[in-house]
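Only one structure is covered here, and it is reproduced in the block below.
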Amino acid sequence: MTDRFDPAASDSRWQERWERDGCFRADSASAKPKSYVLEMFPYPSGRIHMGHVRNYTMGDVLARYRRMQGFEVLHPMGWDAFGMPAENAAMEKKVHPGAWTRENIATMRAQLKRLGFALDWSRELATCEPDYYGHEQALFLDLFEAGLVYRKESEVNWDPVDMTVLANEQVIDGRGWRSGAAVERRKLNQWFLRITDFAEELLDGLGTLDQWPDKVRLMQENWIGRSRGLQFRFARADGAGEIEVFTTRPDTIFGASFVAISPGHPIAEALAADRPDAAEFIARCRQGGTTAAEIETAEKLGFDTGLEVTHPLDPSWRLPVWIANFVLMDYGTGALFGVPGHDARDFEFATKYKLSIRRVVAASIADAGLAVTEAETGAGVAVNSKFLDGMATPAAAAEIIRRAEAAGWGRGVTQYRLRDWGVSRQRYWGTPIPIIHCQACGAVPVPRAHLPVVLPEDVSFDVPGNPLDRHPAWSKVDCPSCGSPARRETDTLDTFVDSSWYFIRFSSQPGDRPFDQAEAEAWLPVGQYIGGVEHAILHLLYARFWTRALQRIGRLSVQEPFKGLFTQGMVTHETYRAGDGSWLSPGEVRRDGDDWVHIESGHPVTAGRVEKMSKSKKNVVDPDTIVDRYGADAVRWFMLSDSPPERDLEWSIGGIEGAARFVQRVWRLAQPGASTAHEDSDLRRRLHKTVAAVGQALDGLQFNKAVASLYELTSAIEKAKPSADRAAAVQTLLKLVAPMAPHLAEEAWAQCGGSGLIADQPWPEHDEALLVDDQVTIAVQVNGKLRDTLTAPRGLTREMLQAQALGAEKVARLLAGAEPKKVIVVPDRLVNIVL
RNA sequence: GCCCCCGUGGCGGAAUGGUAGACGCGAUCGACUCAAAAUCGAUUGCCGAGAGGCGUGUCCGUUCGAGUCGGACCGGGGGCACCA
């Protein structure tokens with residue numbers, strides 16, 4: 001017997017034992033009900049951080065809890081191992097991206113193992129290995145053959161110095177984040193996945209995801225952005241064809257004062273071919289930046305083409321056609337009709353270019369003559385609109401659609417904001433796109449027998465650009481179709497493709513194909529997925545799309561990949577700055593009363609805002625250091641306490657020390673001590689209440705509440721005198737604590753003579769009858785204010801309660817002999833006396 | 001600009017419309033100790049000596065009763081962003 005729990009000795013011993021026993025291996029053939037618990041896999045950036053620890057601890061608690069409940073649990077871990085940081089490291093440190101990545105994986109795997117996570121390491125995967133991405137290439141070809149992949153020219157942000165494409169986030173103030181060079185918009189041939197084909201079902205599918213946060217569903221809904229409206233054609237006055245436009249406000253059709261087309265519209269481009277001024281205008285539009293701030297402040301620019309169209313409801317009415325910089329080519333038809341009176345952009349445009357502004361919507365028909373002084377975008381009734389006059393906005397819109405369809409000049413349509421997913425990246429460290437370009441045959445898929453298309457290892461990063469492009473031999477292949485010399489596609493896939501199906505590969509890992517359908521379906525969908533809210537849109541939408549695409553081509557009969565989703569908050573820490581403004585790490589400062597000082601120099605330090613842990617602000621705490629000092633269980637416990645899991649958790653010394661203290665308290669309780677055959681029914685009730693509360697909290701992922709209940713039970717046991725119930729309560733406490741502090745639980749379980757591993761014990765059950773007390777406290781209110789409480793046996797009648805309450809001394813004083821107007825009795829809860 | 005969420009002690013946070021502040025952190029006092037650490041006990045929303053009064057961002061409403069429901073406002077955070 002030792003008086004202190006020693007994590008340094010215990011943690012690794014139990015980790016080895018779990019590993020040796022294969023405790024957490026998931027058996028796909030098991031007859032038990034299955035539970036798939038998954039946390040978003042990490043990018044192997046170097047070392048794990050507290051955010052990872054929090055994320056994986058939550059998943060681990062759930063996995064261990066489900067296991068004790070009798071589920072066959074799949075709880076795997078892997079590495080989202082392709083991506084730019086590896087290439088940046090290659091350029092800066094002259095290491096190969098593969099070597100850098102694999103070293104990081106080794107480091108981070110060891111770090112995760114120290115935390116004792118109940119993971120099935122036999123299913124570990126890394127997306128940068130051919131036995132993962134080769135299967136991805138096969139799936140890509142499946143989608144290609146099903147017509148869900150296509151190639152088109154598209155505009156990208158091009159960094160002329162690094163000779164690479166940049167994501168929007170990498171363009172800062174119009175310049176490449178790395179090179180600082182002015183970014184150009186360049187058109188490149190790129191591969192796209194037809195996610196827009198699935199817009200409707202991805203949107204409708206959100207309705208079935210009742211275990212997702214409302215916030216995430218809403219974000220996806222807005223991202224997909226469905227709008228219903230009218231699509232119709234304006235005839236060109238010169239008879240040279242038509243211009244098709246889309247509107248969500250067909251009711252304002254009589255308020256049109258111009259038609260605007262995008263600079264990329266075919267009519268604009270045709271015009272530019274023989275008019276230098278038009279060409280110059282279009283070029284000017286292209287220069288604009290793509291950042292949010294630039295777009296917001298961008299001035300509306302227009303170019304009067306001199307063309308005219310006729311109004312569909314009045315052939316004598318002609319509207320001018322402008323090229324306008326705010327019209328997007330890839331939304332709707334790339335053209336719109338401007339209604340300055342009822343659209344903010346159109347108003348700004350019309351004001352600048354002196355186009356007419358008409359009122360066609362008003363609060364009532366009587367207001368038809370009021371001038372429009374700013375864009376009125378709300379609903380109302382139609383005015384100055386011929387046959388629509390007096391109709392409410394929605395009815396007027398429906399009427400126009402009806403007439404357009406009847407007369408054949410337009411139709412009701414649904415538009416989506418969602419665009420197809422461009423997956424080409426001009427990068428080395430990614431999945432090679434398995435396509436060969438042949439002069440004669442076009443884009444030809446790599447034959448299945450030749451998969452995987454393996455990334456060449458002999459590449460250099462000393463010159464900017466894509467090393468695959470420069471490789472002397474890799475891209476030179478013969479066309480699989482005609483045999484003539486051809487060129488391999490040198491773009492790689494967006495890393496979001498890698499993470500769009502890894503959860504399927506975890507569930508089933510045959511060597512000869514991406515997954516076995518029956519085995520995958522035995523596990524999917526993921527029962528509980530946990531990760532950061534920063535993936536609320538892209539990753540989660542792409543994974544949903546990929547799953548539906550596989551379903552459409554008959555590879556998987558699963559509609560939604562993630563049944564339950566939980567987005568956890570960040571781990572934050574106070575920040576510290578020296579007098580010169582430089583950031584200081586928590587280890588460099590020390591508290592001195594209410595102030596902070598720099599340990600080395602003794603200079604005063606300013607404690608700043610609490611922010612997400614980040615290297616740049618130096619407010620990071622390394623998990624390894626903390627595990628060394630306090631052990632895995634204290635870290636895990638702290639990650640779960642205090643803050644609700646969806647909110648940010650502030651790291652603090654006090655918090656981790658409190659957690660370590662709790663670990664020792666439980667340890668002391670489990671020490672052999674005097675036991676008697678006495679009963680302790682109060683403690684027994686407390687215990688059953690705790691079992692119920694902890695189970696309910698864990699089911700709802702409310703770890704902080706489970707922690708609070710366990711603190712209460714621990715205190716109650718500490719205060720209880722020796723008894724048979726006390727001894728039983730300790731054993732049950734250990735089981736309740738086991739998912740959260742597994743090393744402590746195993747060690748204490750073994751010490752107090754428990755058989756086998758506590759991880760294998762069934763989860764405790766509670767007795768409903770013991771959840772209610774015989775005696776209840778009744779609140780006595782007068783006019784809704786608490787005046788007294790009284791203790792009564794449960795189930796006392798309303799009359800008895802009322803009598804007791806009225807008899808209470810404090811009530812009698814307030815009543816002063818008067819009769820109450822009314823008495824409200826809630827049995828077993830309260831009596832409210834109304835005077 | 002549009003959409004969404006959140007405002008409770010010194011701090012993190014509990015609370016099916018029914019005793020606001022569980023639990024933790026911090027703090028104060030005490031016990032043990034030569035001393036410290038560790039541990040244990042007590043107190044801890046605010047005002048007040050006390051009786052009592054006041055308290056969940058502000059105001060209004062619904063209700064016997066509101067942190068919780070409805071409305072307006074103030075403050076903080078997040079998402080989208082020229083989407084026709």
Side-chain angles (χ1 to χ4, degrees), chain A residues 3-4 213-223 225-227 229-231 245-249 252 260 262 288 291-300 324-328 330-339 342-346 348-349 375 377 415-419 533-534 536-537 610 637-638 641-644 646-650 652-659 661-662 664-665 668 702 704-715 718-719 777-790 820-826 828-835:
Chain A
D3 57 350
R4 286 187 68 77
D214 290 343
K215 181 171 73 168
V216 175
R217 287 192 303 194
L218 192 71
M219 281 162 72
Q220 292 215 350
E221 195 179 311
N222 292 339
W223 186 262
R226 173 157 62 192
S227 350
L230 172 70
Q231 190 163 315
V245 298
F246 172 72
T247 179
T248 54
R249 291 291 301 274
T252 62
S262 166
T291 65
E294 281 172 301
I295 288 169
E296 189 169 1
T297 54
E299 199 185 351
K300 301 269 177 294
N325 65 340
F326 66 89
V327 183
L328 305 173
D330 51 3
Y331 182 79
T333 60
L336 55 85
F337 69 90
V339 184
H342 306 284
D343 179 277
R345 286 158 315 185
D346 297 348
E348 189 187 335
F349 191 79
T377 56
Q415 287 288 345
Y416 296 92
R417 213 190 69 110
L418 184 70
R419 314 285 161 76
V533 73
E534 65 273 20
I537 298 175
V610 171
W637 188 260
F638 177 46
S641 343
D642 295 351
S643 287
E646 68 277 10
R647 288 203 217 165
D648 290 353
L649 171 73
E650 189 187 343
S652 70
I653 288 290
I656 181 68
E657 286 183 342
R661 217 153 34 223
F662 177 76
Q664 297 300 340
R665 278 172 75 190
R668 282 192 297 275
Q702 297 170 307
N704 57 320
K705 289 198 210 169
V707 163
S709 296
L710 289 166
Y711 271 116
E712 285 183 273
L713 177 63
T714 303
S715 297
E718 282 168 346
K719 291 191 174 84
T777 307
I778 306 291
V780 181
Q781 298 180 335
V782 176
N783 287 337
K785 282 185 192 276
L786 181 74
R787 293 300 171 180
D788 204 354
T789 58
L790 51 92
K821 255 189 232 156
K822 191 171 172 185
V823 179
I824 283 134
V825 182
V826 183
D828 295 335
R829 272 202 168 270
L830 65 70
V831 179
N832 186 15
I833 296 154
V834 186
L835 295 182

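In what follows, chains are A, B, ... by sequence order, proteins preceding strands, each numbered from 1.
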Side-chain touch A/V780/A/T789, heavy atoms, less than 4.5 angstrom: no
Plane angle bin for A/W637 and A/F662 - parallel if under 30°, tilted between 30 and 60°, otherwise perpendicular: parallel
From CA spacing to verdict: side chain to side chain donor-acceptor pair (under 3.5 Å), A/R665, A/S715: CA-CA 9 Å; A/R665 278 172 75 190; A/S715 297; 3.1 Å; yes
From B/U19, B/A38, B/C23, nucleotide with atom closest to A/R4 side chain: B/A38
Sugar-phosphate only, base, or nothing, as touched by A/E712 at under 4.0 Å among non-hydrogen atoms: sugar-phosphate
Candidates B/C82, B/A81, B/C3 - which lies nearest the side chain of A/W223: B/A81
Touch class at under 4.0 angstrom, heavy-atom based, for A/V327 against every strand present: base
Distance between C1' atoms of B/C23 and B/G17 (Å, rounded): 24 Å
Closest to the A/Y711 side chain, choosing from B/C80, B/A14, B/C23: B/C23
Listed nucleotide nearest any side-chain atom of A/R647, set B/U39, B/A14, B/A84: B/A14
Shortest side-chain distance from A/T777, nucleotide among B/G24, B/U19, B/G26: B/U19
Presence of donor-acceptor pair under 3.5 Å, side chain of A/R665 and base of B/C40: no
Out of B/A81, B/U39, B/G65, whichever nucleotide has its closest atom nearest the side chain of A/R417: B/A81
Sugar-phosphate, base or nothing in reach of A/G658, heavy atoms under 4.0 Å: sugar-phosphate
A/M219 side chain, from C-beta outward: closest of B/G79, B/C4, B/C83: B/G79
Same-atom distance (P) from B/U63 to B/G12, integer angstrom: 36 Å
Sugar-phosphate only, base, or nothing, as touched by A/L830 at under 4.0 Å among non-hydrogen atoms: base
Touch class at under 4.0 angstrom, heavy-atom based, for A/R787 against every strand present: sugar-phosphate
A/R829 side chain, from C-beta outward: closest of B/C23, B/U19, B/G13: B/U19
Complementary nucleotide of B/U39, counting Watson-Crick and G-U pairs under 3.5 Å: B/A31
Syn or anti conformation of B/G9, syn meaning chi within 90° of 0: syn
Side chain of A/V834 - closest among B/G13, B/A84, B/C64: B/C64
Sugar-phosphate only, base, or nothing, as touched by A/D343 at under 4.0 Å among non-hydrogen atoms: nothing
Nearest-nucleotide comparison on RNA chain B, the residue closer to the 5′ end among A/F337 and A/N783: A/N783
Rounded distance (nearest 0.5 Å) linking atom CG of A/N783 with atom CG of A/L835: 5.0 Å
Sugar-phosphate only, base, or nothing, as touched by A/T248 at under 4.0 Å among non-hydrogen atoms: sugar-phosphate
Candidate list A/V825, A/D788, A/V826, A/L790, test side chain to side chain contact (heavy atoms under 4.5 Å, CB included), partner A/I778, passing option: A/L790
Sugar-phosphate only, base, or nothing, as touched by A/N704 at under 4.0 Å among non-hydrogen atoms: sugar-phosphate
Nucleotide nearest A/N222 (side chain, heavy atoms from C-beta), chosen from B/C82, B/C3, B/C23: B/C3
Sugar-phosphate only, base, or nothing, as touched by A/K705 at under 4.0 Å among non-hydrogen atoms: sugar-phosphate
Rounded distance (nearest 0.5 Å) linking atom CG of A/L786 with atom CD of A/Q781: 6.5 Å
